[in-house]
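Everything below concerns the one structure shown next.
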Amino acid sequence: MTTRTVLVINSGSSSIKYQLVDPDSGQSLASGLVERIGEETGTIIHRHAGEKTQLDEPVPDHGYGLSEVLRLFDEKGPTLSEANIVAVGHRVVQGGRYFSGPALVDEDVIAKISELVPLGPLHNPAHLKGIEVGLELLSDVPHVAVFDTAFFQDLPEEAARYALKREVADKYSIRRYGAHGTSHQYVSGEVSRMLGRDDLKQIVLHLGNGASASAVVAGHAVDTSMGLTPLEGLVMGGRTGDIDPAAVFHLGRVAGMSVDEIDYLFNRESGMKGLAGDNDMREVWKRIDAGEQDARDAMDIYLHRLVKYVGAYTAVMGGLDALTFTAGIGENDDRLRAELVERLGFMGMRIDADKNSVRSGDGRIVSTPDSAIAVLVYPTNEELAIARQAMTLI
Ligand code: ADP
């Protein structure tokens, strides 16, 4: 193997996801997952050339997990010398106001990611662990941090700033940072390439368990639905999305709930899970088909929120050329796509039922030729996007 590869690492608090990517061809050469780090039993799964290897063993910490992964590379392939890793790309959720693009990891970058922990309390500490053990175990290649917030760093001030007392907002760094930026940037870029136009007004709907919308004009994000944290915006698997912040005061004063309890309620127990009883859209459809009214209501709330965002972003951009669906729900749920586009029919948007129902891993147009707005499905590939961003720095 003479190709160059990038090892992409997404380090979570108790997990490490990885993928070995050829940034030139876009191919994934190996991938895997370390789960339940620090628990009594852990799992390591490594996939290469159609073969899956699974180890069930305690993984006391991230360092041990990654060293086992590297051992599996040498045992199951591709060996590290075959792999020719030229960079390690680390996914980092919160880059605050510091990072508008990828950054070569050095002491200063590590210090800034640490400084941003209060803005990314669930993610940044875990990313720092991944970076630390990565630097230790793969010390002879450059490490690059790729930030989920970077694409939204240059949002217009009117979109990024909340109407919160300026001194307080600035002192506590409260503004809209967005999230899923790597995905929105990648997908909007691919759509632009596919349609052969770099001046597009686009909306990307990243609908996974977490969900976000972005408005992109000529390759630049002008608005996005996630805010200070990934809680704001669309209805999600377990998150409320937009909700009157006074609900927090009310639950505190009337229900006597603590801030942590409300945080958990809004981030974990709400959204489709809280409305329909399940965060997985496939299950929600099953419940709808079984006649459960709560599930149908949940879907209507989900769609209503999407309609509002598409309408608002079209107004913000002064028009819309392309609407693109991506991530787990966006890529797979043709029924949801059809219902949403039908609700947006007043904009002249028309879906082609046959094209929409085709299952495919390729980016594709699913609107009719006479649709006033192109509707697309484009699979996101955050690992490839991270690998390509990492390559721009080495
Ligand atoms: P995340 O990366 O945010 O965890 P994904 O983008 O992988 O999430 O999306 C996961 C979600 O995709 C699942 O929770 C499920 O709701 C949805 N999903 C996956 N496959 C389908 C499908 N065939 N139909 C509808 N929804 C699906």
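Start at 1 and go down the list; that is how both ligands and their atoms are numbered. Just so it is clear, the structure is predicted and the values come from calculations on it, not from any experiment.
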May I ask you to list the atoms of ligand 1 that are less than 4.0 angstrom from any heavy atom of [X]?
X: D333; value: 25 (C)
X: I329; value: 12 (O), 16 (O), 17 (C)
X: R359; value: 23 (N)
X: G210; value: 3 (O)

Donor-acceptor pair, [X] side chain versus [Y] backbone, under 3.5 Å?
X: R4; Y: N84; value: no
X: S371; Y: A374; value: no
X: S11; Y: A126; value: yes
X: Y313; Y: S225; value: yes

Are the side chains of F266 and L251 in contact, using a 4.5 Å heavy-atom criterion? yes
Counting heavy atoms only, name the option from R282, R335, K273 that's nearest to atom 24 (N) of ligand 1. R282
Out of M281, M272, H206, whose heavy atom is nearest to atom 26 (N) of ligand 1? M281
What I want to check is whether the side chains of S212 and H206 have a donor and an acceptor closer together than 3.5 Å. no
Y302 versus E339, side-chain donor and acceptor atoms under 3.5 Å: no
Nearest protein heavy atom under 4.0 Å from atom 2 (O) of ligand 1, yes or no: no
Check this for me: does any side-chain nitrogen of one of R197 and D321 sit under 4.0 Å from a carboxylate oxygen of the other? yes
Protein contact of atom 11 (C) of ligand 1 - nearest heavy atom, named by residue and atom, plus distance: N209 N, 4.0 Å
Identity and separation of the nearest protein heavy atom to atom 15 (C) of ligand 1: D280 OD1, 3.4 Å
Could you tell me whether E382 approaches ligand 1 through its side chain, its backbone, both or neither, with non-hydrogen atoms closer than 4.0 Å? neither
Is the closest N or O pair between G328 and ligand 1 shorter than 3.5 Å? yes
